[in-house]
Visitor: 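Supplied in structure tokens, the structure appears directly below.
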Amino acid sequence: MVTLPPPDHAPRRRASESGATEPDGFIVEVAPGDRIHFLDWGGQGRPGILLIHGLSNTSWSWAPVARRVRLARQVVAMDLRGHGLSDAPTEGYDAPGFVADVVAVAEGSGLLTAPDDRLVLAGHGFGAVVAAWAAVELRERCAGLVLVDGGWESIEASSGLDVEEFLRNLDEPPEVLRSMAAFLADREGFDPATWDADQERAARATVVETHAGKVVPATRPHALEGSVRAMFEYHPGLVLAGIRAPVVALVAADDPGERARALTAVSARRIAAGGTAVVASSFPHDGHNLMRYRPDAVTAAILSIAGQERGERE
């Protein structure tokens, strides 16, 4: 396993034109032709934090939270395989493949170096599923798990769709993809008050502009399909019951009643297995992207678990 800067790597901890600290990009080679990109936001303090984005997104979606977390902890955000600047091999879109990528980034970034190093995993949407799988694999090396609007429910049950129907519903409307300006306007329209340079960069990272001026999704079709099929194979009760680290869940507005019942059931299963209850916070007036709408709350949840770990070791 080798960790290298990508070709456009710039000096460490450079400042943007606005004065905000910018992350460095690195690539960890999991296997030949299988490289995973991550952003190292810097920071100090243990346990470190590894952030995992959701479906069809990239590590830049975590920027509002990473900027806050880095003031207290080392923080890294990764691009899942087939997303962002990571490679898109034809294989590995399953639990073992995603977990291997997470572990490679954790070790290659320096979050897990010494035998007694531990980290906090935080995932958004599908990234929460990947984070939960990784928490099981890491066992005692996982100090905590933060599920940001995902990871505690069966997608088939919560969506009411089978995997084929779910895949068909992922297409963007043609009018949104007719130009970069139309696409960015659509993303800004979700919540103009929270639209800023970080949100624009996160949005731009998810599409590619064609010569004709249209935009197409940046996530490779086979990677998107593989990720969705993996997500439908996820069994939240079984996975979360096998994690001994504390778990926090942040619940957005979508169908809060049904999702709350699923979360209660998972929490009870963790207790029955000898673990702790899931600590949940609800945001009934906010959408799925809580890192954009509630960065302070997401940061607080992450640092709360990190603080528990520090308290236990002092």
Side-chain angles (χ1 to χ4, degrees), residues 5-6 8-26 37-43 48-80 83-86 105 109 120-128 131 146 148-150 172 176 179-209 215 217-219 250 252 283 285-303:
D8 60 349
H9 181 61
R12 290 190 62 81
R13 306 293 161 254
R14 61 197 182 279
S16 69
E17 293 179 1
S18 66
T21 299
E22 296 295 278
D24 285 328
F26 292 92
H37 173 261
F38 64 89
L39 296 175
D40 184 350
W41 287 87
I49 315 298
L50 179 53
L51 308 173
I52 308 174
H53 66 80
L55 201 64
S56 297
N57 223 308
T58 77
S59 51
W60 280 109
S61 66
W62 281 100
V65 172
R67 292 193 188 282
R68 291 162 167 81
V69 171
R70 70 176 299 274
L71 300 177
R73 292 286 188 278
Q74 181 186 359
V75 58
V76 169
M78 66 180 289
D79 286 338
L80 292 169
H83 294 71
L85 296 180
S86 290
V105 170
S109 66
V120 172
L121 292 164
H124 175 235
F126 174 57
V146 181
V148 182
D149 208 42
E172 292 276 3
V176 172
S179 68
M180 182 65 78
F183 179 75
L184 294 177
D186 178 76
R187 269 33 185 185
E188 180 180 1
F190 290 163
D191 184 18
T194 58
W195 183 256
D196 58 15
D198 278 336
Q199 293 305 318
E200 180 173 339
R201 179 160 43 188
R204 286 180 179 273
T206 64
V207 292
V208 175
E209 192 170 14
V215 295
T219 305
L250 306 180
F283 302 89
H285 304 295
D286 296 294
H288 179 57
N289 190 355
L290 290 176
M291 297 96 71
R292 172 178 176 176
Y293 307 130
R294 296 283 186 164
D296 288 332
V298 177
T299 300
I302 293 170
L303 294 182

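Values in this document were obtained by computation on a predicted structure and should not be read as measured data.
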Visitor: Measure across E209 and V215 and return the closest heavy-atom pair with its distance rounded to 0.1 Å.
Guide: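 Where E209 meets V215 most closely, the heavy atoms are CA-CG1, 4.0 Å.
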Visitor: Find the distance between CG (L250) and CE (M291) and round it off to the nearest 0.5 Å.
Guide: 10.5 Å
Visitor: Search all heavy atoms of H124 against all heavy atoms of N289 and return the closest pair with its distance.
Guide: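 Shortest heavy-atom contact: NE2-CA, 3.8 Å.
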Visitor: Do you know the tightest heavy-atom contact between L39 and S59?
Guide: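 Here L39 and S59 meet closest at CD1-OG, 3.4 Å.
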Visitor: Can you find a heavy atom in the side chain of I302 that is under 4.5 Å from one in the side chain of L51?
Guide: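 They are in contact (side-chain heavy atoms under 4.5 Å apart), so the answer is yes.
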Visitor: If you look at every heavy atom in G287 and A252, which pair is closest and at what distance?
Guide: O-CB, 3.2 Å
Visitor: Heavy atoms only: give me the nearest W195-A203 pair and the separation to one decimal.
Guide: CH2-CB, 4.0 Å
Visitor: State the CG-CZ distance between L50 and R73, to the nearest 0.5 angstrom.
Guide: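 Going from CG on L50 over to CZ on R73, the span is 15.0 Å.
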Visitor: Output every pair passing salt bridge (Lys or Arg N to Asp or Glu O under 4.0 Å) with a member in residues 288-299, not counting sequence neighbours, ordered by first then second residue.
Guide: R68-D296, D286-R294
Visitor: For the OG1 atom of T299 and the CZ atom of R70, what is their distance to the nearest 0.5 Å?
Guide: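 It is 12.5 Å, given to the nearest 0.5 Å.
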Visitor: Side chains of D40 and S109, heavy atoms from C-beta outward: is any pair under 4.5 Å?
Guide: no
Visitor: Of all heavy-atom pairs between L80 and S86, which one has the smallest distance, and what is that distance?
Guide: O-CB, 3.5 Å
Visitor: So, applying side-chain contact (heavy atoms from CB on, under 4.5 Å) with H53, which one of D79, T206, V148 is it?
Guide: D79
Visitor: Hey, are the side chains of R204 and Q199 touching, using non-hydrogen atoms and a 4.5 Å cut-off?
Guide: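 Sidechains of Q199 and R204: no contact.
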Visitor: Not counting sequence neighbours, list each pair that qualifies as a salt bridge (Lys or Arg N to Asp or Glu O under 4.0 Å) and has a residue in residues 180-194.
Guide: E172-R187
Visitor: Enter the distance from F26:CZ to M78:CE here, rounded to the nearest 0.5 Å.
Guide: 15.5 Å
Visitor: With sequence neighbours excluded, tell me which residues meet ring pair (Phe, Tyr, Trp, His ring centres under 6.0 Å) with W60.
Guide: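 With neighbours one apart ignored, the set is W41.
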Visitor: Less than 4.5 Å apart, any side-chain heavy atom of W62 and any of V298?
Guide: yes
